[in-house]
Amino acid sequence: MKQESSQPRAGARLQSARRFGLMVLVASTLLLGGCLSSVPGLKSGPPEWVNQPPPDTGRAWYGIGEGHDLNTARRLALRDIAAKFKVSVEGQTTSQISERNGRVDRGGSVKVSDRVEAVEFKNPVVEKTAPSPNGGVYALVRIDRLAFFQDLREKFNGAADQVSAATADLGSKTQVEQLLVLRRQDKTIDQAMGYYPLLQQGGLTEEDRSKAALLTGVRSKSELITQQLVFVVRTAREHQDVADVVTKFLTDNNVKTRSDGGSASATVEATVKPRLDEVQGSKLVRLDVSLQVKDDRQQTVSGQNYVASGASLTSHANARQQALTKLQEELRKAGLINGLGFKVQ
């Protein structure tokens with residue numbers, strides 16, 4: 001009897017074993033992949049709280065940031081909170097339009113925007129962190145809303161109290177002295193009134209409104225006194241062109257001037273020392289100008305010195321005109337208070 005060969009059966013068993021091994025490998029790979037996907041930190045996407053952070057409440061604000069390290073992520077999370085706060089504040093203040101000197105003024109909302117950009121959130125709390133796919137870190141940051149408004153109100157009250165104390169005895173001063181006192185408070189008033197719209201987001205108290213009214217009143221009084229002031233500009237007859245430059249500077253700043261010898265709130269005395277020269281055919285003029293301001297009691301209250309030069313190929317008169325133009329520009333850049341040499345602290 002013919003005996004069957006064992007080779008076909010051995011080949012079949014080998015193929016069967018290979019198929020079984022391949023099935024085991026596939027199953028193991030699928031199982032391993034499922035296990036790896038459950039390991040924290042190895043997910044392909046960010047954690048759920050990154051895409052869905054906790055909602056803001058009456059007690060806290062939340063922000064998300066991503067950075068190459070925790071400090072950067074924390075800073076960007078605070079910027080995220082500030083951006084939401086900015087939208088809220090700007091939406092409330094854009095429609096608030098005031099009228100000053102007969103014209104509509106929308107500049108206040110710009111200052112408010114600047115103030116929001118400079119908001120400092122104290123004691124931020126990092127609630128959660130997680131690695132980001134870019135090799136950095138996510139951060140969830142919380143700000144205590146009540147503590148923020150408490151700190152803001154303390155700053156507002158401090159600024160308002162400073163202005164109130166500085167302007168308490170205005171009635172005993174001359175108009176020029178009153179103007180100086182009031183204008184010295186400009187920066188503090190700007191700071192306080194920048195805080196005010198931010199405070200509105202947390203709810204205003206009657207004391208807040210009262211102090212805001214005080215600050216607005218001080219600003220209005222400063223503008224009113226500026227309009228009421230009357231200056232006389234005096235100088236030697238041969239330097240009347242310098243007096244004309246100073247007079248224009250005052251009127252451009254809404255200050256009245258007169259030249260008929262009548263009563264005035266203050267006098268600006270301009271002392272001019274000209275120097276003429278000629279170098280290689282160029283006509284040169286240098287004007288040393290000293291401005292002294294005296295109040296209605298003829299007491300010197302301020303002073304400022306200027307040096308203005310000009311050159312011309314044709315005449316000293318043209319060179320002098322260039323010097324006057326430079327003097328006018330220097331005054332314009334300085335502004336009313338600094339231009340007249342008043343010390344604004």
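All values derive from a computational prediction rather than experimental measurement.
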* Derivation of the salt bridge (charged side-chain N to carboxylate O under 4.0 Å, His left out) call for Arg332 and Glu329 -> CA-CA 5 Å; Arg332 186 193 66 79; Glu329 181 64 16; 2.6 Å; yes

* Exceeds 12 heavy-atom contacts within 6.0 angstrom, atom CD of Gln298 -> yes

* To do: Answer whether the closest heavy-atom distance between the side chains of Pro274 and Arg286 falls below 4.5 Å.
  => no

* Minimum heavy-atom distance between Tyr62 and Asp56, given as atom pair plus value -> N-OD1, 2.9 Å

* Checking salt bridge (charged side-chain N to carboxylate O under 4.0 Å, His left out) for the pair Lys283/Asp277: CA distance, chi angles, key distance, verdict? -> CA-CA 6 Å; Lys283 311 298 190 293; Asp277 205 348; over 6 Å; no

* Asked: Are there more than 12 heavy atoms of other residues, nucleotides or ligands under 6.0 Å from atom NZ of Lys155?
  -> yes

* **Any donor-acceptor N or O pair under 3.5 Å, side chains Glu66, Asn134** => yes

* **Test item: side-chain donor near acceptor, Thr205 and Asp208, under 3.5 Å** => yes

* Between Lys326 and Glu330, does a salt bridge (charged side-chain N to carboxylate O under 4.0 Å, His left out) hold up when you go through it step by step? -> CA-CA 6 Å; Lys326 290 182 179 179; Glu330 287 297 315; over 6 Å; no

* Asked: For atom CZ of Arg275, is the number of surrounding heavy atoms from other residues, nucleotides or ligands below 6.0 Å larger than 12?
  -> no

* Asked: With a 3.5 Å cut-off and no angle check, do the side chains of Asp244 and Gln240 form a donor-acceptor pair?
  -> yes

* Kindly check if the number of other-residue, nucleotide or ligand heavy atoms within 6.0 Å of CD (Gln52) is above 12? => no

* Ring geometry between Phe121 and Phe148 (parallel below 30°, tilted from 30 to 60°, perpendicular above 60°) -> tilted

* **Asp69 and Thr72 side chains, donor-acceptor separation under 3.5 Å** => yes

* Does any non-hydrogen side-chain atom of Thr257 lie less than 4.5 Å from one of Val230? -> no

* Asked: Stepwise, does the salt bridge (charged side-chain N to carboxylate O under 4.0 Å, His left out) test hold for Lys122 with Asp144?
  -> CA-CA 9 Å; Lys122 287 189 174 181; Asp144 187 321; over 6 Å; no

* Structure fact -> On a heavy-atom basis, the closest approach of Gly58 and Leu146 is O-CD2, 4.0 Å

* Asked: Do the side-chain N and O atoms of Ser290 and Asn305 include a donor-acceptor pair separated by under 3.5 angstrom?
  -> yes

* Do Arg183 and Asp186 meet the salt-bridge criterion of a basic N to acidic O distance under 4.0 Å? -> yes

